[in-house]
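Quick note on labels: first sequence line is chain A, next is B, and so on, each numbered from 1. Atoms considered below: every heavy atom in the structure, side chains included; atoms not considered: hydrogens, waters and symmetry mates.
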Amino acid sequence: MTALLEELNSRQREAVLHRAGPLLILAGAGSGKTRVITRRVVWLIREGGVRPSEILAVTFTNKAAGEMRERIQEQLGSSSDAVWVSTFHSTGLSILREHGAAIGLPRSLVVYDDGDQLALLTRLMKDQGVDTTLLPPRAVRSRIDFAKSCGLGPDEMEVADHDLLGERARSVYRSYQAALRASGAVDFGDLLLETVSLLRRNEEVLELLERRLRYVMVDEFQDTSPVQYALVRLLTRKSGNLAVVGDDDQSIYGWRGADVRNILAFERDYPNAKVVRLEQNYRSTRVILDAAHAIIRRSPTRKEKRLFTDQSGGDLVRVLNAVDERDEAQLVARQIEAALSEGYSRGEMAVFYRVNAMSRVLEDALRERRIPYHVVRGRSFYERAEIKDITAYLRLAVNPHSDSDILRVINTPRRGIGTRTVERLRKAAAGSSGSIWSVLASPGSLKEVGPAAVRRLAAFREIIGKLHEMSTSSVSTKDIVREAMIGSGYVSSLEAEEAPEALERLENLHELLSVATERSSNGESLVQMLDDMALAGDADDDVEPEQVALMTLHAAKGLEFDVVFVIGMEERTFPHARAFAAGGWSEDEEALSEERRLCYVGFTRARRRLTLTSADSRWIMGERQVRSPSRFLEEIPSELIERSLRVSGSTAKRYGGRISSGPSWEGSPFPGEVPSNSDPDLVVVDYDFDQRPPDECGRRLRPGGRVRHRTFGDGKIHEVDGLGGNARLVICFDDAGIKKVLARYLEIL
DNA sequence: GGTAAGAGGCTTTTT
DNA sequence: GCCTCTTACC
């Protein structure tokens, strides 16, 4: 009892000790939220007479679930195994696997990931004669996903008048659901939507689950969607023992249907709920919290609150400006080296960026300097083509009616079954309103298919038939996986290639086989393995102890590091261009607010040191774009910032030594002010954004400078009018003559 | 029916 | 810039 409540402040203790009924914990960043949840689970079991199997703890990501499971186990030992800790999606899948028959889902259910989903949608739309350039499948998908996240099927999906996209999306939605059912498949959204409709329609199942689960806890509640909220509400309908933990300031998944308003809804739906606020931060220094608060306080819709800490002192926030993204990466690499020499360990450092694409340049710089790093990226391994191909064979072993999977591998590796034969197969399947597999099973029904093609189809049928047989008898998972790789001819076709990337693919397949072998020895079934592959991230996705972690700001949620870098602190990089209304420069307030919260999440990951970097220009989608500093930089009070300019070796080299050649280097807003410093990157000057010269944003764009344009070639700047990427420049091109060009289309030479 | 080169799209963020 | 899909040709 005593140990359980040790190291808890009075608020935290209150939350842990809450016995029954609804509980809302408003937990600020770094306020010991995970500790409270895990202690509460342990307390309920040890002191509250609750059986471990009666508790469900739902989190958002696998990472969070894994961490929570571990923390609970540390305190409870093996009895913790019975506590059900999982993500929303796996929870849904478990329920569907056990009770899905009640709504007509087959036992051999397979889960389509978003790639499978998009492929299926595209195929359906093309079949329906939809012009996919006018109506992008991605746009349709996002409408369907959004409807699903609101708990709406095709018939309930709301479409406003004159919403053409919505109209079409709804009609595709209908046929898409039909296709999923015919294939015995569900997508991610269905894992929640179908579970909720199962529980709504089937009282028996709901009562069974209600009896089994007496306590439900939800982490990251601000990121739950309406359908997720509906699910946990249903599960605790009788007991009312629903505890949710969240922070409206950290809501960063609005784009995929998460609704912060669930927090408000909770207080409305459970007027007797106990509300506990955790506002003491145990993670960061005061400086970091103040900087984070400066960003988040401008968010218009938030609940007013402010974290406090007793950790004063610490480093000021470092703000570093680079010439371009490569320069920025060098800068970060050198800062990492400096921090290492100060005694920080690599495992306690992380670099965050807005989009995954930004990791590449950074990786190059770290590799060059031999700094061990690790890119934390959701599920890259399972997204590799070769892995997805073998997965398709494995899913067919379980459920050969999955048309998407048939289409994926029917000619992979090449076995001479071309598009025409495939088209005829599909037509025959549609005609008999069955799956392609059922057509293959009765080849007599195939018209217009020549004898050679029939032979090849029979060979393919053999392959899948054998796999299916193996999966229904007691063959081990490992052996089925091996058969899928070898029996399909996949491995031998790769071996024949001899290209270096074929070798890499083979290595990845080897990796998959060892995963399967390990799972086999744990007695895991093929279905279990497939479920995990569909829902789980990479196995080696964890933050490694001796490596610098690289990840998106979204992936950073829930983590903490001593030293944090946020790169790309520029307008239209972060906040991302998407936060601005299409085309124009007007702002979408809600989207911008979400960027703000994302920034807040990023800053509050740092325990000791926060370093922010920006670049004057960035290479984006094959184009060099001029960037101006992020508004977020300007919002941080200057007394919290170590404003830094620098003269870097790489910059000097690339720009012909002009920049570092003298005290009044070109581009400095402070001519004559390049103080010497032991750290070449940190030249501290008294530099305030509010006093910067008007052309600071594009300060290297000045009359006389040389620039490059994609089509016009190189030229000399004559006139500059305006700021940043939008500045209008008159350029005298060497070949193309005098033109007016926007700065963002120019590369600075 | 298969291949290679060219065109076009793409990038938020994750289960 | 990179990847996927289409097109033209074998």
Y112(A) OH to dT15(B) C1', in whole Å, measures 18 Å
The side chain to side chain contact (heavy atoms under 4.5 Å, CB included) partners of S183(A) (sequence neighbours excluded) come to Y112(A), A185(A), D403(A)
Using atom names, set out every protein N or O paired with an N or O of nucleotides 1-3 of chain B below 3.5 Å, distance rounded to 0.1 Å.
unit_1 : atom_1 : unit_2  : atom_2 : d
dG1(B) : OP1    : T421(A) : OG1    : 2.8
dG2(B) : OP1    : N411(A) : ND2    : 3.4
dT3(B) : OP2    : R414(A) : NH1    : 2.6

Practice task
Would you indicate what F88(A) reaches in the nucleic acid, counting non-hydrogen atoms under 4.0 angstrom: base, sugar-phosphate, or nothing?
Solution key: nothing
Hits for ring-ring contact (aromatic ring centres under 6.0 Å, His included) against Y600(A), two or more places apart or cross-chain, chain-then-number order -> none
Check: Expressed in whole Å, how much space separates the P atoms belonging to dT4(C) and dT13(B)?
Finding: 16 Å
request  = Classify the nucleic acid contact of N356(A) as base, sugar-phosphate or nothing, counting any heavy atom under 4.0 Å across all strands shown.
outcome  = sugar-phosphate
Kindly indicate, with the supporting measurements, whether the criterion side-chain hydrogen bond (donor to acceptor under 3.5 Å, both in side chains) is fulfilled by S404(A) and D116(A).
CA-CA 7 Å; S404(A) 292; D116(A) 305 321; over 6 Å; no
In whole angstroms, the gap separating C1' of dT13(B) from NZ of K63(A) amounts to 13 Å
Assert: residue with more 5' nearest nucleotide on DNA chain B, out of F188(A) and P136(A), is P136(A)
Between CG of D145(A) and P of dT15(B) the distance, given in whole Å, is 14 Å
Sorted by chain and number, sequence neighbours left out, ring-ring contact (aromatic ring centres under 6.0 Å, His included) with F574(A) holds for F632(A)
Protein-proximity profile, nucleotides 5-10 of chain C, B/S/- by nucleotide at the 4.0 Å heavy-atom cutoff, equals -S----
Side chain to side chain contact (heavy atoms under 4.5 Å, CB included) filter on R138(A), not counting sequence neighbours, yields L118(A), R141(A)
With the side chain defined as heavy atoms from C-beta on, R360(A) is closest, among dC2(C), dT15(B), dT13(B), to dC2(C)
*asked:* Under 5.5 Å centre to centre and under 30° between planes: does that hold for W255(A) and the six-membered base ring of dT13(B)?
replied: yes
Between OH of Y382(A) and C1' of dT14(B) the distance, given in whole Å, is 16 Å
Between CH2 of W619(A) and P of dG1(C) the distance, given in whole Å, is 6 Å
To the nearest angstrom, the CD-C1' distance between E383(A) and dT15(B) comes to 11 Å
Taking 4.0 Å as the cut-off, does a side-chain nitrogen or oxygen of T552(A) come that near to OP1 or OP2 on dT14(B)? yes
Whole-Å distance, D113(A) CG to dT15(B) P, equals 12 Å
Salt bridge between R302(A) and D249(A), side-chain N to carboxylate O under 4.0 Å? yes
Taken to the nearest whole Å, OH/Y253(A) to P/dT15(B) is 7 Å
Sequence neighbours excluded, the answer for ring-ring contact (aromatic ring centres under 6.0 Å, His included) partners of Y253(A) is F60(A), W255(A), H554(A)
Taken in chain and number order and not counting sequence neighbours, the residues that satisfy ring-ring contact (aromatic ring centres under 6.0 Å, His included) with F352(A) are none
Margin query: Does Q222(A) form a side-chain hydrogen bond (donor to acceptor under 3.5 Å, both in side chains) with D248(A)? I'd like the steps, not just the answer.
Written below: CA-CA 6 Å; Q222(A) 75 281 353; D248(A) 57 330; over 6 Å; no
Residue set satisfying side chain to side chain contact (heavy atoms under 4.5 Å, CB included) with I567(A), at least two apart, ordered chain then number -> E328(A), V332(A), V351(A), Y353(A), M358(A), L362(A), T613(A)
